Amino acid sequence: MKEVLLIRHAKSSWEYPHLPDLERPLNQRGLRDAPFMASFLRSQAIIPSNIISSPAARAWTTAEYFASEFDIAEDRIWKETELYFGSEEDWLDCIHNLDEEVSLPAFFSHNPLLTFFANRFTDDWIDNVPTCGIVCIKSTAEEWSEFYFDNAAVDKLFFPKRVRKYYEGN
């Protein structure tokens with residue numbers, strides 16, 4: 001069985017309108033949510049083995065928080081341009097090209113494509129994966145090259161507001 005994590009970057013800042021989109025940093029909420037959600041994922045015993053991130057600063061910074069939380073070695077962290085510019089098929093190709101030693105990759109990317117891609121694995125429509133939202137997808141595939149829309153499904157969804165609400169008892 002193969003599993004992947006789709007993680008939308010944490011909330012980004014619009015404070016610097018002169019910056020190119022690729023360089024936009026996280027805002028204060030993003031800087032709070034990224035370590036919180038990484039810690040939450042650990043509490044659920046969901047431990048990514050590899051980090052694959054969009055090259056955009058906001059995605060990469062979010063990914064760095066997760067890499068730190070899980071003490072993921074630098075050689076298991078890389079940027080993938082297709083997670084910023086690509087299509088759903090490009091994302092599937094990224095999965096198909098993973099080494100078999102990768103056990104649980106975490107892909108850090110952007111909306112709207114992340115939500116579109118997640119919806120290919122469920123009959124229950126996901127309106128929007130919010131910033132720093134996590135989508136866990138499980139597949140019956142034995143190899144990454146066999147991972148497809150028809151043999152994988154959304155298993156869990158974790159969204160920062162829902163997780164905080166649960167922990168705060170509201």
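The figures that follow rest on heavy atoms only: side chains count, while hydrogens, waters and symmetry mates do not. Since we're looking at a predicted model, the values are computed, not measured. For the single chain, residues carry numbers from 1 onward in sequence order.
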E89, CD atom: more than 12 neighbouring heavy atoms under 6.0 Å: yes
Residue list, side chain to side chain contact (heavy atoms under 4.5 Å, CB included) with [X], at least two apart or on another chain:
| X | answer |
| --- | --- |
| A45 | none |
| E80 | I52, E82, L83, C94 |
| A63 | I51, S53, F108 |

With hydrophobic residues grouped by side-chain heavy-atom distances under 4.5 Å, do [X] and [Y] end up in a single group?
| X | Y | result |
| --- | --- | --- |
| F70 | W78 | no |
| V4 | L104 | no |
| F107 | L41 | no |
| I77 | M37 | yes |

Going from [atom1] on [X] to [atom2] on [Y], what distance comes out if it is rounded to the nearest 0.5 angstrom?
| X | Y | atom1 | atom2 | result |
| --- | --- | --- | --- | --- |
| F40 | C132 | CZ | SG | 11.5 Å |
| I7 | L5 | CD1 | CG | 5.0 Å |
| N27 | R58 | CG | CZ | 11.5 Å |
| R32 | L26 | CZ | CG | 12.0 Å |

Mind checking side-chain hydrogen bond (donor to acceptor under 3.5 Å, both in side chains) for [X] and listing every partner two or more places apart, or none if nothing turns up?
| X | value |
| --- | --- |
| R29 | T131 |
| E64 | W60 |
| E74 | none |

Donor-acceptor contact below 3.5 Å, side chain T61 vs main chain A57: yes
Flag, side chain of S103 to backbone of S49, donor-acceptor distance under 3.5 Å: no
For residues 110-120, run the donor-acceptor check on the side chains, cut-off 3.5 Å, and write out each pair with its distance to 0.1 Å, sequence neighbours left out.
from : atom 1 : to   : atom 2 : distance (Å)
H110 : NE2    : S54  : OG     : 2.7
N111 : OD1    : T115 : N      : 3.1
N111 : OD1    : T115 : OG1    : 2.7
N111 : ND2    : T115 : OG1    : 3.2
N111 : ND2    : N128 : OD1    : 2.7
N111 : ND2    : V129 : O      : 2.9
T115 : OG1    : V129 : N      : 2.9
N119 : OD1    : I126 : N      : 2.7
N119 : ND2    : T115 : O      : 3.2
N119 : ND2    : I126 : O      : 2.8
R120 : NH1    : E88  : OE1    : 2.8

Partners meeting salt bridge (Lys or Arg N to Asp or Glu O under 4.0 Å) with R162 (sequence neighbours left out): none
Contacts of type salt bridge (Lys or Arg N to Asp or Glu O under 4.0 Å), residue R42, not counting sequence neighbours: E69
Looking only at non-hydrogen atoms, find the nearest pair between [X] and [Y] and report the distance.
| X | Y | result |
| --- | --- | --- |
| Y65 | L31 | OH-CD2, 3.5 Å |
| P105 | L98 | CG-CD1, 3.7 Å |
| E142 | M1 | OE2-N, 4.0 Å |
| F147 | H96 | O-NE2, 2.6 Å |

Salt bridge (charged side-chain N to carboxylate O under 4.0 Å, His left out) partners of residues 92-104, not counting sequence neighbours, each pair once: K2-E100
Side-chain atoms of residues 150-160: list all donor-acceptor pairs with protein atoms under 3.5 Å, sequence neighbours left out, distances to 0.1 Å.
from : atom 1 : to   : atom 2 : distance (Å)
N151 : OD1    : S139 : OG     : 3.1
N151 : OD1    : Y148 : N      : 2.9
N151 : ND2    : E146 : O      : 2.6

Which pairs would a plain distance check flag for residues 10-17, meaning a side-chain donor or acceptor within less than 3.5 Å of a matching protein atom at least two apart in sequence or in another chain?
from : atom 1 : to  : atom 2 : distance (Å)
S12  : OG     : R24 : NH1    : 2.5
S13  : OG     : E15 : N      : 3.0

